[in-house]
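The structure appears right after this line, and notes come after that.
Source: prediction; values computed, not measured.
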Amino acid sequence: MTAQIIDGKTIAAQIRQRTKEAAQTLCRAPRLDVIMVGDNPASAVYVRNKMKACREVGITAVDHKLPASCSEETLLETIRSLNSDPMVDGILVQLPLPEQIKSGPILENIDPSKDVDGFHIYNTGKLVTTGGGFKPCTPAGIIELLKAIGYSLEGKHAVILGRSNIVGKPLSMLMLQENATVTITHSHTPDLKRYTLDADVLVAAIGKAKFVKADMVKEGAVVIDVGTNRDENGKLCGDVDTENVKEKAAWITPVPGGVGPMTIAMLLHNTLVSAQKRQGLAQ
């Protein structure tokens with residue numbers, strides 16, 4: 001068996017096209033404001049990619065660059081200003097923040113109705129209790145990937161490697177909503193293979209290059225690789241040893257070109273939904 005590739009680029013492009021078409025029906029273009037504190041090179045690349053993607057689908061993107069020496073209060077003032085601006089549909093604070101600023105209080109001061117990253121505690125609570133609110137973009141993108149290949153999570157055992165607030169925890173909630181049985185594993189889980197070998201769907205989100213080997217994967221499993229790492233040769237790779245694992249899996253996401261494009265596509269989708277709500281076109 002050689003796994004079929006889950007083409008995140010193509011699936012993301014379809015979502016972006018639908019977003020573009022829907023944005024054109026609004027009385028004004030959706031608007032996303034992105035705040036970046038400092039000059040972290042990786043963050044700068046992410047922000048540029050998000051801004052470019054916004055423009056391509058007809059979303060107005062506005063960036064706010066604050067110095068690395070910025071105080072927490074200065075950042076909060078920027079957020080409050082955007083919260084009160086009726087023309088702003090989405091607010092995104094690019095992480096990580098400089099060490100003098102704690103991300104928790106910052107994210108919790110974003111208006112939940114403009115929290116298109118889905119990180120506010122209000123949206124987290126909605127996700128856990130009712131399934132409503134904005135969903136974090138990477139987990140939401142993973143669910144869309146599975147739907148795009150016609151894979152039903154109902155009755156399946158999904159095992160997630162990683163318990164982060166950005167991927168592992170919210171993804172577990174989304175998978176529960178799809179009637180999967182979910183196991184979250186992490187760095188303190190003993191005998192990890194005991195769980196991974198039982199997984200119908202295995203999601204690797206631990207940030208360790210090529211950590212998931214073929215002997216950890218059940219024959220015919222769906223393997224979702226969230227990792228973005230560099231291998232011993234400096235080449236981009238994920239958390240999964242793809243070349244070997246794809247000989248056992250039924251489906252697998254590549255790195256790059258798998259989960260990554262979906263994250264931005266879902267950010268655009270969330271911004272569109274926020275604009276639709278503001279214009280009375282969505283609940």
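- Here the side chains of K277 and L281 are not in contact, with every heavy-atom distance at 4.5 Å or above.
- Counting all heavy atoms, side chain and backbone alike, R278 lies closest to P86 at CD-O, 4.1 Å.
- The minimum heavy-atom distance between A250 and G220, with the atom names listed, is CB-O, 3.4 Å.
- For the residue pair S43 and P96, the shortest heavy atom distance occurs at OG-CD, 3.8 Å.
- A cation-pi arrangement is absent between K169 and F119 under the rule of less than 6.0 angstrom and at most 45 degrees off the ring axis.
- Pairs passing the side chain to side chain donor-acceptor pair (under 3.5 Å) check and including a residue from residues 171-184, sequence neighbours excluded, read H157-T183.
- At least one donor-acceptor pair closer than 3.5 Å links the side chain of T271 to the backbone N or O of L267.
- One hydrophobic cluster, built from ILVMFWY side chains closer than 4.5 Å, holds both L145 and M173.
- Within the structure, side chain to side chain donor-acceptor pair (under 3.5 Å) contacts touching residues 93-106 (residues at least two apart or in different chains) are K50-Q94.
- A chain of hydrophobic side-chain contacts below 4.5 Å, direct or via other Ile, Leu, Val, Met, Phe, Trp or Tyr residues, connects I149 to M266.
- The closest donor-acceptor contact from the side chain of K156 to the backbone of S152 lies under 3.5 Å.
- Between N123 and G133, the shortest heavy-atom contact is OD1-CA, 3.5 Å.
- Considering only residues two or more places apart in sequence or on other chains, A23 meets the side chain to side chain contact (heavy atoms under 4.5 Å, CB included) condition with P30, L272.
- Scanning both residues, F134 and S274, for their nearest heavy atoms gives CZ-CB, 3.6 Å.
- Within the 3.5 Å criterion, the main-chain N or O of R80 finds a donor-acceptor partner in the side chain of S84.
- Residues V34 and L32 have side chains in contact (heavy-atom distance under 4.5 Å, counting atoms from C-beta outward).
- Partners of L75 under the side chain to side chain contact (heavy atoms under 4.5 Å, CB included) rule, at least two apart in sequence or in another chain, are I35, V37, L66, C70, I79, L97, I101, I106.
- In this structure the side chain of I11 reaches within 4.5 angstrom of the side chain of I6, judged on heavy atoms.
- Contact annotation: the side chain of K52 never approaches that of N49 to less than 4.5 Å [non-hydrogen atoms, C-beta and beyond].
- When all heavy atoms of G141 and M262 are compared, the pair lying nearest together is O-CE, 3.5 Å.
- Without hydrogens or angle criteria, N233 side chain to K235 main chain gives no donor-acceptor distance under 3.5 Å.
- No hydrogens or angles considered: nothing links the side chains of R194 and T189 as a donor-acceptor pair under 3.5 Å.
- Applying the salt bridge (charged side-chain N to carboxylate O under 4.0 Å, His left out) definition to pairs two or more places apart or across chains, those involving residues 199-215 are K193-D215, D200-K218, K210-D231, K213-D241.
- Clustering ILVMFWY residues whenever any of their side-chain heavy atoms sit less than 4.5 angstrom apart, transitively, puts V222 in the very cluster that holds V167.
- If you take CG on N109 and CD on E77, they are separated by 11.5 Å, rounding to the nearest 0.5 Å.
- When hydrophobic side chains of Ile, Leu, Val, Met, Phe, Trp and Tyr are connected at separations under 4.5 Å, I206 ends up clustered with I5, V159, L161, L192, Y195, L202, F211, V212, M216, V217, V223, V240, V245, I252.
- By the 4.5 Å heavy-atom criterion applied to side chains, I160 and V182 are counted as neighbours.
- D115 contributes no side-chain N or O that, together with a main-chain N or O of D111, makes up a donor-acceptor pair within less than 3.5 Å.
- The cluster map of Ile, Leu, Val, Met, Phe, Trp and Tyr, joined by side-chain heavy atoms under 4.5 Å apart, puts W251 and M175 in the same cluster.
- Distance check: M87 CE to D33 CG gives 11.0 Å after rounding to the nearest 0.5 Å.
- The CG atom of L95 sits 5.5 Å away from the CG atom of L107 when rounded to the nearest 0.5 Å.
- At distances below 3.5 Å, at least one donor-acceptor pair connects side-chain atoms of H120 with backbone N or O atoms of E108.
- Applying the salt bridge (charged side-chain N to carboxylate O under 4.0 Å, His left out) test to residues at least two apart or on different chains, the pairs with a partner in residues 87-98 are R28-D89.
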Just do the side chain to side chain contact (heavy atoms under 4.5 Å, CB included) check on T60 and C54 with the steps written out, would you? CA-CA 7 Å; T60 300; C54 283; over 6 Å; no

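- Proximity of K246 to E243: side-chain heavy atoms (C-beta onward) are separated by under 4.5 Å at one or more points.
- For the side chain to side chain donor-acceptor pair (under 3.5 Å) condition, the pairs that include at least one residue of residues 16-25, sequence neighbours left out, are R16-E56, Q17-E21.
- The only member of V226, V259, I184, D239 that meets side chain to side chain contact (heavy atoms under 4.5 Å, CB included) when paired with V203 is V226.
- Put simply, CD on E73 and OG1 on T78 are 9.5 Å apart, with the number rounded to the nearest 0.5 Å.
- Interatomic distance, CG of D117 versus CG of L92, reported as 4.0 Å (0.5 Å rounding).
- Note that CD1 of I121 is 13.5 Å distant from CD1 of I110, once rounded to the nearest 0.5 Å.
- Alongside Y46, the hydrophobic cluster contains no other residue (criterion: ILVMFWY side chains under 4.5 Å).
- The main-chain N or O of G238 is found under 3.5 Å from a side-chain atom of N229 such that the two form a donor-acceptor pair.
- Grouped with Y122 in a hydrophobic cluster is no other residue, since no side-chain heavy-atom contact under 4.5 Å to another Ile, Leu, Val, Met, Phe, Trp or Tyr is found.
- Remark: D191 CG is packed, more than 12 non-hydrogen atoms of other residues, nucleotides or ligands lying under 6.0 Å away.
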Evaluation steps, side chain to side chain contact (heavy atoms under 4.5 Å, CB included), between R31 and V62: CA-CA 8 Å; R31 173 174 155 178; V62 180; 3.7 Å; yes

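- By the criterion of side-chain heavy atoms lying less than 4.5 angstrom apart, applied directly or through intervening Ile, Leu, Val, Met, Phe, Trp or Tyr residues, V93 is grouped together with L76 in one hydrophobic cluster.
- For the pair V88/S81, no side-chain contact is recorded, criterion being any heavy-atom separation below 4.5 Å from C-beta on.
- No side-chain donor-acceptor contact under 3.5 Å links D225 to the backbone of T253.
- The side-chain heavy atoms of Y151 and V201, taken from C-beta on, include a pair separated by under 4.5 Å.
- Residue pairs that meet the side chain to side chain donor-acceptor pair (under 3.5 Å) test with at least one member in residues 128-146, sequence neighbours left out, are T138-T263.
- Counting Ile, Leu, Val, Met, Phe, Trp and Tyr side chains that sit under 4.5 Å apart, directly or through other members, L236 shares a hydrophobic cluster with V255.
- A donor-acceptor pair under 3.5 Å links the side-chain atoms of K114 to the main chain of N83, judged by distance alone.
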